[in-house]
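A short write-up of the structure that comes next.
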Amino acid sequence: METMVAFTDAIYRAADKDSLYAAVNAGCIDLGFDAFMMSCHKTVDPDIMLDSTLTSYVPAFLRDYDRFGWFEDDTVIPRMQTASASFWWNSDLDRPHEFRKRSYADFLAANDVATGLIVPMARRAGTASALALAAFSDSPFGPLVDLAAKALGTAAMGKAEILGLCPEVSADEAMAMRSLSPLQQEILNWITEGKSNLDIATIMNLGERAVRYHVSEILRKLGVATRMQAAAIRRGEPF
């Protein structure tokens, strides 16, 4: 818990890309990992790795990833696209039958990349967002690492958006979205799914009057007039 408080505070205080990188890298190391890559709202092509928002992966590794065309054989990225929860991978144990994919696992092992944790994050339509944490050994991790990594990724992505490091999201929009309470975030998710106030009240076990209040607050904070406009912002669509 102290570690989470420390790195989230450092991320909150970050004033530019360099200080945000330092805060995220320190959090990565505190959690027992050796390298990280964070991609926010990236189209799923090689740039998700090669043009990440922040990364501590060494340039030589990224050059070889590009030169040998490993994107097509990277078995982690397809899982990253669809996963709704964090997942672990292991370059020694997760060895597919296809020759090229096995070769990619050998490439990771040759670069001392043993295991890793992928934390999917909120993403715009047609894109992927995730924090990838990599370790150079199979040393055991504590039971709360997944939770702490999610906190690290969520805080870092929010700050990256506010600092303007994600061209797909304006800083003003990012700050407005971050002003929503967790309850309002969930209500907005259901609005985006097309649910009515009555539906949301039933699903979330709230009074309809309470839902109406929170919907009005969501519209106010996002600076929009209608539920459809709020849903469009959540989906990253123009309105």
Side-chain angles (χ1 to χ4, degrees), residues 1 4-5 7-9 11-12 38-44 48 53 78-87 117-132 143-239:
M1 183 61 70
M4 286 199 300
V5 171
F7 66 60
T8 52
D9 181 60
I11 289 170
Y12 174 77
M38 183 177 76
S39 283
C40 305
H41 312 294
K42 295 290 184 179
T43 55
V44 184
I48 197 170
T53 308
R79 294 176 64 189
M80 181 192 299
Q81 288 178 254
T82 58
S84 58
S86 304
F87 64 89
L117 175 65
I118 304 296
V119 182
M121 298 184 295
R123 54 186 179 262
R124 295 286 181 133
T127 69
S129 300
L131 174 68
L144 297 180
V145 167
D146 291 54
L147 178 63
K150 183 176 181 180
L152 175 64
T154 300
M157 181 173 173
K159 192 65 174 186
E161 291 176 345
I162 290 170
L163 290 175
L165 303 181
C166 308
E168 302 80 4
V169 180
S170 73
D172 288 344
E173 181 183 322
M175 292 182 71
M177 288 296 293
R178 301 295 166 182
S179 73
L180 301 182
S181 70
L183 181 65
Q184 289 164 356
Q185 293 270 0
E186 186 175 353
I187 289 173
L188 180 55
N189 288 340
W190 288 118
I191 290 173
T192 306
E193 294 291 327
K195 302 298 184 183
S196 68
N197 286 352
L198 180 57
D199 292 334
I200 296 170
T202 302
I203 292 168
M204 298 183 63
N205 195 27
L206 297 170
E208 190 174 0
R209 182 176 179 181
V211 173
R212 285 200 302 271
Y213 166 76
H214 285 295
V215 170
S216 68
E217 283 294 286
I218 290 168
L219 301 184
R220 181 184 66 80
K221 290 179 179 180
L222 297 184
V224 296
T226 69
R227 297 161 64 96
M228 290 181 62
Q229 290 174 331
I233 289 177
R234 168 61 88 190
R235 290 191 296 263
E237 300 171 351
F239 59 85

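- A salt bridge (Lys or Arg N to Asp or Glu O under 4.0 Å) check over residues 191-201, counting only residues at least two apart or in different chains, returns nothing.
- Residues satisfying the side chain to side chain contact (heavy atoms under 4.5 Å, CB included) test with E208, not counting sequence neighbours, are N197, L198, A201, R212.
- Using a distance-only test at 3.5 Å, with no hydrogens or angles considered, no donor-acceptor pair links the side chain of R123 to the main chain of A130.
- Rounding to the nearest 0.5 angstrom, the gap separating the CD1 atom in I187 from the CZ atom in R227 is 9.5 Å.
- Applying the side chain to side chain contact (heavy atoms under 4.5 Å, CB included) test to E217 and every residue at least two apart in sequence or in another chain returns Q184, Y213, R220, K221.
- Of all heavy-atom pairs spanning L222 and L180, the tightest one is CD2-CD1, 4.5 Å.
- I48 approaches T43 most closely through the heavy-atom pair CB-O, 4.0 Å.
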Give the table of side-chain donor-acceptor pairs shorter than 3.5 Å for residues 149-167, with sequence neighbours excluded, one pair per line with atom names and distance.
unit_1: T154; atom_1: OG1; unit_2: K150; atom_2: O; d: 2.9
unit_1: K159; atom_1: NZ; unit_2: Y12; atom_2: O; d: 2.9
unit_1: K159; atom_1: NZ; unit_2: A14; atom_2: O; d: 3.2
unit_1: E161; atom_1: OE1; unit_2: R178; atom_2: NH2; d: 3.0
unit_1: E161; atom_1: OE2; unit_2: H41; atom_2: NE2; d: 2.7

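- Using a 4.5 Å cut-off on side-chain heavy atoms (C-beta onward), M204 and V211 make no contact.
- A donor-acceptor pair is defined here as one N or O able to donate and one able to accept, closer than 3.5 Å; such a pair exists between the side chain of T53 and the backbone of C40.
- S84 is linked by a side chain to side chain contact (heavy atoms under 4.5 Å, CB included) to nothing, counting only residues two or more places apart in sequence or in another chain.
- Not a single side chain to side chain contact (heavy atoms under 4.5 Å, CB included) links A210 to another residue, sequence neighbours left out.
- Without hydrogens or angle criteria, S129 side chain to M121 main chain gives no donor-acceptor distance under 3.5 Å.
- With sequence neighbours excluded, the residues forming a side chain to side chain donor-acceptor pair (under 3.5 Å) with Q185 are R234, listed by chain and number.
- In this structure, L188 and M177 have side chains that are in contact, with non-hydrogen atoms separated by less than 4.5 Å.
- Residues satisfying the salt bridge (charged side-chain N to carboxylate O under 4.0 Å, His left out) test with K42, not counting sequence neighbours, are D51.
- Applying the side chain to side chain donor-acceptor pair (under 3.5 Å) rule to T202 yields no partners; only residues at least two apart in sequence or on another chain are considered.
- Here the closest non-hydrogen pair linking L131 and M38 is CD1-CB, 4.0 Å.
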